[in-house]
Amino acid sequence: MQKIVIEGGQPLHGRIAIGGAKNAALPLMAASLLTDGVLTLSNLPHLADITSMLNLLAQHGIGISMLGSAANGGHAGRVIGLDGGQITSTTAPYDLVRKMRASVLVLGPLVARMGEARVSLPGGCAIGTRPVDLHLKALEAMGTEITLADGYVHAVAPKGLKGAVVRFPFVSVGATENALMAATLAQGETVLENAAREPEIGDLAHCLVAMGAKIEGIGSERLVVQGVPSLHGASYSVLPDRIETGTYAIAAAVTGGDIELTGTSISLIGSVVDVLQKAGVTVTDTADGMRVARTSGRLHGVDVMTQPFPGFPTDMQAQMMVLMCTAGGAAMITETIFENRFMHVPELARMGANITVHGASALVRGVERLSGAPVMATDLRASVSLVLAGLAAEGETVVNRVYHLDRGYERLEEKLAGCGARIRRVDGSA
Ligand code: EPZ
């Protein structure tokens with residue numbers, strides 16, 4: 001199993017090109033099941049989760065053409081054609097779904113177009129139980145009959161879906177995406193209330209509109225969809241990854257460096273930039289993206305609470321905690337989205353951090369510096385937070401279970417090494 005070895009303490013300077021957003025790309029790829037035309041997606045990141053989704057779509061009968069790469073400010077985003085001309089299977093099997101929870105996003109498109117879907121229940125994962133009840137209730141409201149048996153969701157709508165008013169009891173990114181995709185082919189009007197407003201939902205909605213869908217309220221918590229009989233193919237470019245952007249912004253700040261992030265924008269991560277600025281980090285717009293620098297001395301602790309967009313993203317909580325570990329004073333970090341997303345805390349403590357967890361809150365008391373140690377984490381964002389901690393720490397840090405990082409960060413070591421980080425990937429037993 002591969003590991004990442006970091007010699008910390010080096011301020012990072014340079015430019016990093018930000019890729020397309022994983023969490024936008026996955027629903028966009030699932031949307032290819034809605035049409036018998038070809039959906040061509042560009043600026044797709046090269047990540048393990050994207051490969052998992054391609055395998056799942058291929059298994060449903062989607063024809064896949066790799067159309068090369070298109071340069072995007074130094075980032076070579078992949079271009080892939082997804083041909084939904086022939087759906088050969090409406091079953092998403094356990095073996096493929098268990099690798100990635102976002103596989104459940106095929107449910108809405110399949111039932112909307114084919115009148116039937118059988119999708120393995122994704123089950124819990126390291127960061128929480130993560131049920132899919134809201135996805136199922138939304139589809140039921142649109143006339144789908146749902147039964148659960150043998151670990152599978154069986155969804156049927158023999159006469160097609162019907163428009164409905166769906167009010168989500170709380171915000172869910174995935175349930176909004178599944179319901180939105182299904183509603184595009186339902187008969188009549190569907191209203192999604194208390195819908196998620198994450199930029200990735202806007203990206204999906206704009207792509208669906210390019211495919212012929214009728215959607216109003218894009219970017220708001222009330223999406224109104226007029227169903228159409230069919231969608232057609234389209235070409236669409238995936239938006240920049242705001243979590244990759246925020247992660248490298250923290251790499252600059254935590255090492256006392258100065259990095260320009262290209263192919264992205266401050267507007268995607270306003271809530272993260274607010275915290276960075278309050279902590280004493282300089283963040284400015286540039287012609288190609290944004291610049292993040294820590295020019296003055298020690299940062300100040302800032303309290304952070306995760307919230308649905310436009311609030312502070314749960315996917316940046318672990319990384320921001322690392323920044324607070326060496327800031328002056330204390331910072332209270334509260335996680336409101338997932339019940340078990342503090343798995344980085346014991347690992348950071350092994351690197352010298354002073355963190356006390358009380359339920360959903362972690363009190364971080366800043367220490368002068370972290371020290372390198374062997375560490376491991378069980379999810380993507382926790383793993384990258386340990387890389388950030390390693391970059392700031394004195395001495396050597398070895399991050400195990402690198403495969404988590406490969407799910408969401410393309411060429412991580414190359415991008416960081418390009419800014420002066422002493423980081424390398426090595427083979428070895430974990
Ligand atoms: C998406 O997950 C992202 N994944 C996650 O990113 C992200 O952390 C999360 O949104 C929140 O922003 C993708 O986009 C592929 P939710 P999703 O439905 O859609 C509960 C990463 O690191 N819930 O908004 O699964 C759920 O358990 C990943 O890139 C229900 O109870 O998140 C959670 O507590 C991790 N019932 C909360 O809602 C449901 O039917 C929000 O989850 C659905 C969700």
Side-chain angles (χ1 to χ4, degrees), residues 19-31 45 47-50 52-53 56 97 99-108 119 121-141 146 148 153 166-181 192 194-204 221 238-239 241-247 268-269 271-272 305-319 335-341 343-344 360 377-385 404-410:
K22 165 180 85 80
N23 289 347
L26 295 171
L28 288 170
M29 293 167 76
L47 298 169
D49 276 11
I50 301 298
S52 298
M53 186 57 100
L56 180 60
V97 175
K99 287 195 181 140
M100 186 184 60
R101 287 184 49 84
S103 305
V104 77
L105 293 173
V106 301
L107 183 62
V119 176
L121 273 167
C125 70
I127 61 176
T129 48
R130 301 182 80 185
V132 289
D133 53 324
L134 300 190
H135 301 235
L136 305 186
K137 279 187 189 136
L139 293 174
E140 273 178 336
I146 297 211
L148 302 179
V153 177
V166 177
R167 182 166 177 85
F168 295 106
F170 52 90
V171 173
S172 162
V173 172
T176 303
E177 290 165 346
N178 241 332
L180 178 63
M181 288 190 277
L192 303 179
N194 200 24
R197 285 184 284 161
E198 270 64 8
E200 293 75 19
I201 308 265
D203 217 35
L204 173 63
E221 60 176 43
V238 180
L239 98 167
D241 195 316
R242 65 197 166 101
I243 307 301
E244 189 189 26
T245 303
T247 301
L268 284 171
I269 55 160
S271 59
V272 175
M305 184 182 284
T306 63
Q307 294 284 350
F309 190 87
F312 189 92
T314 173
D315 290 346
M316 281 300 301
Q317 178 257 109
Q319 301 91 311
E335 172 59 56
T336 73
I337 310 289
F338 291 108
E339 70 267 31
N340 187 26
R341 215 172 191 186
M343 283 162 304
H344 39 289
T378 42
D379 84 279
L380 167 60
R381 310 301 172 187
S383 299
V384 87
S385 79
H404 288 298
L405 294 167
D406 293 335
R407 293 187 58 180
Y409 291 92
E410 180 174 345

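For ligands, and for the atoms within them, numbers begin at 1 and follow the listed sequence. Quick caveat: nothing in here was measured; it's all calculated off a predicted structure.
- Annotation: atom 41 (C) of ligand 1 to nearest protein heavy atom, I337 CG2, 3.7 Å.
- Between L239 and P199 the shortest side-chain heavy-atom distance falls below 4.5 Å.
- In A175, neither the side chain nor the backbone holds a heavy atom less than 4.0 Å from any atom of ligand 1.
- Nearest protein heavy-atom contact of atom 3 (C) of ligand 1 is N23 ND2, 3.6 Å.
- Those atoms of ligand 1 with a heavy atom of G174 less than 4.0 angstrom away are 18 (O), 19 (O).
- Atom 2 (O) of ligand 1 has its closest protein heavy atom at R130 NH2, 3.3 Å.
- Some N or O of K22 is nearer than 3.5 Å to an N or O of ligand 1, by distance alone.
- Considering backbone and side-chain N/O of R101, none are found under 3.5 Å from N/O of ligand 1.
- Regarding atom 20 (C) of ligand 1, its nearest protein heavy-atom neighbour is F170 CE1, 3.7 Å.
- Closest to atom 5 (C) of ligand 1, if we only count protein heavy atoms, is D315 OD2, 3.7 Å.
- Counting only heavy atoms from C-beta outward, the side chains of P313 and T306 never approach each other to under 4.5 Å.
- When each atom of ligand 1 is checked for a heavy atom of L134 under 4.0 Å away, the hits are 36 (N), 39 (C), 40 (O).
- With respect to the salt-bridge test (charged N to carboxylate O, under 4.0 angstrom), the residues K22 and D315 do not qualify.
- Counting only heavy atoms of the protein, atom 29 (O) of ligand 1 lies nearest to R381 NH2, 2.7 Å.
- E200 contributes atom CD, which lies 9.5 Å from atom CG of L28 (distance to the nearest 0.5 angstrom).
- Judged purely by distance below 3.5 Å, without hydrogens or angles, the side chains of S385 and Q319 never pair a donor atom with an acceptor atom.
- At least one side-chain heavy atom of R197 sits under 4.5 Å from a side-chain heavy atom of P310.
- Ligand 1 does not have G408 within reach: every non-hydrogen atom of the residue lies 4.0 Å or more from it.
- Where the criterion is an N or O separation shorter than 3.5 Å, residue side chain and backbone included, V173 meets it with respect to ligand 1.
- Judged by distance alone, the side chains of H344 and Q317 do bring a donor and an acceptor atom under 3.5 Å apart.
- Side-chain contact check for D406 versus H404: every heavy-atom pair is 4.5 Å or farther apart.
- Only side-chain heavy atoms of T314 come within less than 4.0 Å of ligand 1; its backbone N, CA, C and O stay farther off.
- Side chains of Y409 and R381 form a contact here, defined as non-hydrogen atoms less than 4.5 Å apart.
- Side-chain atoms of L47 and R407, non-hydrogen and from C-beta on, never get closer than 4.5 Å to each other.
- Within ligand 1, counting atoms from 1 as listed, the ones closer than 4.0 Å to a heavy atom of R341 are 8 (O), 22 (O), 35 (C).
- Looking only at heavy atoms of the protein, atom 18 (O) of ligand 1 is closest to S172 OG, 2.6 Å.
- With contacts defined as side-chain heavy-atom distances shorter than 4.5 Å, the pair M29/L56 does not qualify.
- Protein heavy atom nearest atom 32 (O) of ligand 1, with residue, atom name and distance: F338 CZ, 4.0 Å.
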